[in-house]
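What follows is a set of notes on a single structure, which appears directly below.
Predicted model, so just to flag it, every value in this text is computed and none were measured.
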Amino acid sequence: MQTLAHHPRPAPPDPWGLVLALAIVGAWCGHLVWLLVVPGLPWDSPLTWLHVAFQAWLCTGLFITGHDAMHGTVSRRRWVNEAVGTVACFLFAGLSYHRLVVNHRAHHANPTGDDDPDFSTRTQSFLPWLVTFMARYTTLPQIGVMAAKFNVLLLLGASEPRILGVWVLPSLLGTLQLFYFGTYLPHRRPDTPDMAPHHARTLPRNHLWALLSCFFFGYHWEHHQSPGTPWWRLWRMKDARAREAARSVEPVAGPLPEREGASP
């Protein structure tokens, strides 16, 4: 097993971790309830699809919140991290938080290795890797939970087309978003020198795109370098890494040229 580089120790979680976690969970719940009950959301309106896209983005944030709880960055208290992570993963797709913790530890222990549950050693093609990824993480209890949720929403009076459009579809889109920007692009081979020693790359583009695409989770080298840094601070790590790289290539000033006519 590869030996990972020393991870810098981040600052202990501050209150913003819990505030942002609760804000994302609350926004996901509130926006979903509004989408399910508000009248007059025609499917041929661009505004409706903007709401669907926003709900998908909140789904992504829901999982990222659970992921940060696994790393203990939501709160200083372990039970708070476990509670927030359990709720976030359950709401996202009926996932078992404790099972995710085990798999995620295996991923960090040996990224892209044979025992990495997130990686495909057989193929680097998107669709086969996605199918393998989903097969590893989907369980019968999870399917049962999602089916129960669907029927509860029906009993509460939501129509089936509305449930499919504003709950099921955003969940699927959020899953694809997480896989594409948080697993497939950061870890796919071939490895490049800047991916060492974590077999993880940081995606280009600006911070706004990084936030919209996957809550800065595309800054994946930084996450593996410092798993205890929360998602909302990863952009600072990327900037610091870029400054360090720029300093390392700055030309070293040579001796000043001698003045003409100066005596030896």
Side-chain angles (χ1 to χ4, degrees), residues 1-21 23-24 53 56-74 76 104-105 107-113 116 118-120 124 126 129 174 176-254:
M1 180 181 294
Q2 132 187 36
T3 301
L4 297 183
H6 173 68
H7 293 169
R9 184 182 298 276
D14 61 40
W16 278 111
L18 184 57
V19 169
L20 290 172
I24 290 173
W57 183 72
L58 290 175
C59 286
T60 302
L62 204 59
F63 183 85
I64 295 297
T65 297
H67 165 268
D68 269 21
M70 298 177 204
H71 288 289
T73 62
V74 170
R76 295 172 183 262
H104 199 60
R105 285 176 179 169
H107 168 66
H108 273 272
N110 189 18
T112 74
D116 179 359
D118 293 0
F119 189 70
S120 171
Q124 297 293 285
F126 175 79
W129 186 347
L176 288 174
Q177 190 172 356
L178 284 162
F179 175 76
Y180 185 72
F181 292 104
T183 297
Y184 176 71
L185 290 182
H187 288 297
R188 66 174 176 171
R189 291 172 178 163
D191 275 14
T192 53
D194 63 314
M195 294 172 67
H198 311 297
H199 301 284
R201 63 174 55 85
T202 282
L203 304 185
R205 306 287 292 273
N206 55 53
H207 294 326
L208 177 60
W209 173 249
L211 173 62
L212 294 176
S213 62
C214 204
F215 285 79
F216 299 119
F217 207 49
Y219 295 166
H220 216 70
W221 186 94
E222 286 76 7
H223 169 61
H224 277 266
Q225 178 71 5
S226 180
T229 298
W231 67 265
W232 44 276
R233 283 181 175 163
L234 289 174
W235 67 272
R236 295 181 181 178
M237 284 197 64
K238 183 188 178 185
D239 282 354
R241 185 186 180 199
R243 288 193 298 269
E244 183 178 349
R247 284 195 299 267
S248 67
V249 298
E250 287 178 356
V252 179

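- Under the 4.5 Å side-chain criterion, counting only non-hydrogen atoms from C-beta, I64 is in contact with L178.
- For the atom pair CG (L18) and CZ (R76), the distance works out to 12.5 Å, reported to the nearest 0.5 Å.
- Across P186, P197, S226, a single residue satisfies side chain to side chain contact (heavy atoms under 4.5 Å, CB included) together with W221, and that is P197.
- Closest non-hydrogen pair, A21 versus T65, comes out as CB-CG2, 3.6 Å.
- Contact of the D239 side chain with the H207 side chain is registered, since non-hydrogen atoms from C-beta on lie closer than 4.5 Å.
- Counting only heavy atoms from C-beta outward, the side chains of M237 and T229 approach each other to under 4.5 Å.
- What you find for G182 and C214 is that their closest heavy atoms are N-SG, 4.3 Å.
- Applying the ring pair (Phe, Tyr, Trp, His ring centres under 6.0 Å) test between F215 and each of W209, W232, W231, F181 identifies W231 as the sole match.
- Taking the six-membered ring for Trp, H187 and H199 have ring centres at least 6.0 Å apart.
- Rounded to the nearest 0.5 Å, atoms CG (N206) and NZ (K238) are 8.0 Å apart.
- Other residues, nucleotides and ligands contribute over 12 non-hydrogen atoms within 6.0 Å of the CZ atom of F126.
- In this structure, CZ in F217 is found 11.0 Å from CG in L203, a value given to the nearest 0.5 Å.
- Nearest heavy-atom pair, I24 versus L62, reported as atom, atom and distance to 0.1 Å: CG2-N, 3.8 Å.
- With a 6.0 Å cutoff to the six-membered ring centre and a 45° limit on the axis angle, R188 does not count as a cation-pi contact of W129.
- Separating the OH atom in Y219 from the OG atom in S213 is a distance of 8.0 Å, to the nearest 0.5 Å.
- Taking NE2 of H108 as the start and CG of D116 as the end, the distance is 9.5 Å to the nearest 0.5 Å.
- In terms of heavy atoms, H198 sits closest to P111 at O-CB, 3.3 Å.
- The distance from atom CD of E222 to atom OG1 of T202, rounded to the nearest 0.5 Å, is 3.0 Å.
- W57 has its side chain within reach of Q177: a pair of non-hydrogen atoms, C-beta onward, lies under 4.5 Å apart.
- With hydrogens and angles ignored, the 3.5 Å screen pairs a side-chain donor or acceptor of R201 with a backbone N or O of L185.
- Residues H71 and H104 place their aromatic rings such that the two centres sit under 6.0 Å apart.
- Atom CZ of R105 has 12 or fewer heavy atoms from other residues, nucleotides or ligands within 6.0 Å.
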